[in-house]
Amino acid sequence: MAEMNFGGVVEQVATREEFPLEKAREVLKNETIAVIGYGVQGPGQALNLRDNGFNVIIGQRKGGKTWEKAIADGWVPGETLFEIEEAVQKGTIIQYLLSDAAQIEVWPRIKPYLTAGKALYFSHGFGITYKERTGIIPPADIDVILVAPKGSGTSLRRMFLEGRGLNSSYAIFQDATGRAKERVIALGIGVGSGYLFETDFKREVYSDLTGERGTLMGAIQGILLAQYEVLREKGHTPSEAFNETVEELTQSLMPLFAEKGMDWMYANCSTTAQRGALDWMGPFHDATKPVFEKLYNEVACGNEAQRSIDTNSQPDYREKLEEELKALRESEMWRTGEVVRKLRPENN
C-alpha cells in the first residue's frame with residue numbers, strides 16, 4: 001500500500017505500480033470469477049476481467065435481453081454463460097452485480113451455493129449495510145468484499161479501452177480465509193481501477209447514496225433546471241439558455257477542473273467570470289448545505305434505503321420509472337440538448 005497526502009490527510013491507496021496486473025493474475029490464478037448480473041456494472045467488469053486474462057463466467061437468467069447481450073459480447077452458453085445458480089456453484093468468487101432489488105429477490109436461490117472459502121463480492125454496500133432490511137446475511141465461512149468503481153460500468157469499460165482507469169473504493173466486511181485483502185485488491189486491479197482507496201461497506205453506501213442524490217445526479221439536474229427556467233422566463237431562447245447552462249459546463253469548463261482543479265478552471269476564465277464565481281459560490285453553498293445535511297441524515301437512518309426497497313419491489317416499478325424518465329427526456333431543456341448535440345462540429 002502507498003501513502004498519499006490528500007489535502008493534508010494521509011490515506012493508504014493501492015496502485016497499479018505496487019500491485020501490477022501480473023501480480024493480480026497470480027493471486028487469482030486458481031479462481032473462477034462468476035459475474036452475476038449483466039446490466040449496469042456486470043458487462044464492464046466482466047469484459048475488463050476477461051480481457052485482462054482472468055477466468056470469468058457469467059450467471060444470468062436465460063432468455064432475457066441481458067442473456068442475449070452477453071452472447072453478443074462473446075460469452076458462450078454452457079461454457080462461459082450459465083443460469084445464475086449454476087454459475088454461483090461453479091464460481092469461487094461471486095461478483096454479485098444485480099440491482100439492489102434483484103439481489104434481495106435472488107439471494108435465497110444463491111445462498112446454498114456459497115460454500116466455505118468462496119468470496120462474495122459487491123460493488124455497492126447496500127445489501128450488506130442494510131442486511132436487516134434486505135435479508136442478505138452471508139455465511140460466516142466466506143470472504144465478503146467490495147470494489148466500487150466511481151462511475152458507471154459503461155465508463156469503466158470505455159476508459160479501459162482507452163488505456164485509462166476509473167478510481168474505485170474497496171472494503172472487506174468479512175475475512176474468513178485470510179486472503180480477503182489480496183483477493184479484493186487483485187479484483188480491483190483486474191476490473192480496471194486507476195487506483196483503489198479503502199473504505200467500509202457502511203461508508204461506501206452512505207457516500208454513494210448521498211452522491212447519487214446530490215452533486216452526481218439529483219442536485220445537478222435540479223440546479224441546471226432552475227437556471228434554465230430562470231433564463232427562459234426572462235426571455236432567453238432555448239438554445240441560449242441551454243448553452244449557458246449545460247453545454248458550456250460540460251464541453252468547456254468540466255474538462256478544465258477535471259484536469260487541474262477548480263482554481264485552474266477559474267484561471268482560464270475572464271476576470272469578470274472569476275469575480276462573479278467567487279462572490280456567488282458562498283450563497284450557493286449556504287443555500288444547499290442544509291439540503292445535503294438532510295439528505296445524508298435520510299441515508300444514515302435508513303429511510304432512503306427503505307424507500308428504494310419499497311419502490312423497487314412494486315410490480316409496476318419499471319413502467320413508472322420509464323414514465324418519469326420519459327418526462328425528463330421530453331422536457332424542453334433536454335429536447336433542446338438533443339438538438340445542440342447534433343450541431344456540435346464532430347457530428348457534422
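All residue numbers refer to positions in the sequence shown, counting from 1. Note that these values count all heavy atoms, side chains included, but never hydrogens, waters or copies made by symmetry.
Here the closest non-hydrogen pair linking Gly190 and Leu49 is C-CD2, 3.5 Å. Across Val27 and Arg179, no two heavy atoms sit closer than the pair O-NH2, 3.1 Å.
Side-chain contact, Ser123 with Gln45: a donor N or O sits under 3.5 Å from an acceptor N or O. For the 3.5 Å distance criterion, the side chains of Ser152 and Ser155 qualify, holding a donor opposite an acceptor. Side-chain atoms of Gln306 and Asp310 include a donor-acceptor pair closer than 3.5 Å. Remark: the Gln227 side chain and the Thr245 side chain contain an N/O donor-acceptor pair separated by less than 3.5 Å. With 3.5 Å as the limit, one finds a donor-acceptor pair spanning the side chains of Ser168 and Ser193. Defined by atom type and a distance below 3.5 Å, a donor-acceptor pair is present between the side-chain atoms of Gln221 and Trp334.
The shortest distance between side-chain heavy atoms of Ser169 and Leu146 falls below 4.5 Å. Inter-residue side-chain proximity for Glu86 and Lys90 is flagged as met; some heavy-atom pair is nearer than 4.5 Å. Taking 4.5 Å as the limit, every side-chain heavy atom of Glu248 sits out of range of all side-chain heavy atoms of Asn243. Residues Val147 and Leu196 meet the side-chain proximity criterion, which asks for heavy atoms closer than 4.5 Å.
Lys111 contributes a side-chain N or O that, together with a main-chain N or O of Ile137, makes up a donor-acceptor pair within less than 3.5 Å. Asn5 contributes a side-chain N or O that, together with a main-chain N or O of Gly8, makes up a donor-acceptor pair within less than 3.5 Å. Checking side-chain atoms of Ser207 against main-chain N and O of Glu204 turns up a donor-acceptor pair under 3.5 Å. Side-chain atoms of Thr134 come within 3.5 Å of backbone atoms of Gly127 as a donor-acceptor pair (strictly under, hydrogens ignored). A donor-acceptor pair under 3.5 Å links the side-chain atoms of Asp143 to the main chain of Thr177, judged by distance alone. At distances below 3.5 Å, at least one donor-acceptor pair connects side-chain atoms of Tyr96 with backbone N or O atoms of Trp107.
Atom CZ of Phe197 sits about 14.5 Å away from atom CD of Gln12, to the nearest 0.5 Å. Distance CG/Leu166 to CZ/Arg158: 11.0 Å, rounded to 0.5 Å.
For Asp51, the salt bridge (charged side-chain N to carboxylate O under 4.0 Å, His left out) partners are Arg157, not counting sequence neighbours.
Each of Ile145, Val205, Val144 was checked for a side-chain contact (heavy atoms from CB on, under 4.5 Å) with Phe122, and the lone residue meeting it is Val144.
Ring geometry, Trp75 versus Tyr38: the interplanar angle exceeds 60°, so the pair is classed perpendicular (tilted spans 30 to 60°).
The hydrophobic cluster containing Phe82, built from Ile/Leu/Val/Met/Phe/Trp/Tyr side-chain heavy atoms closer than 4.5 Å, also comprises Ile57.
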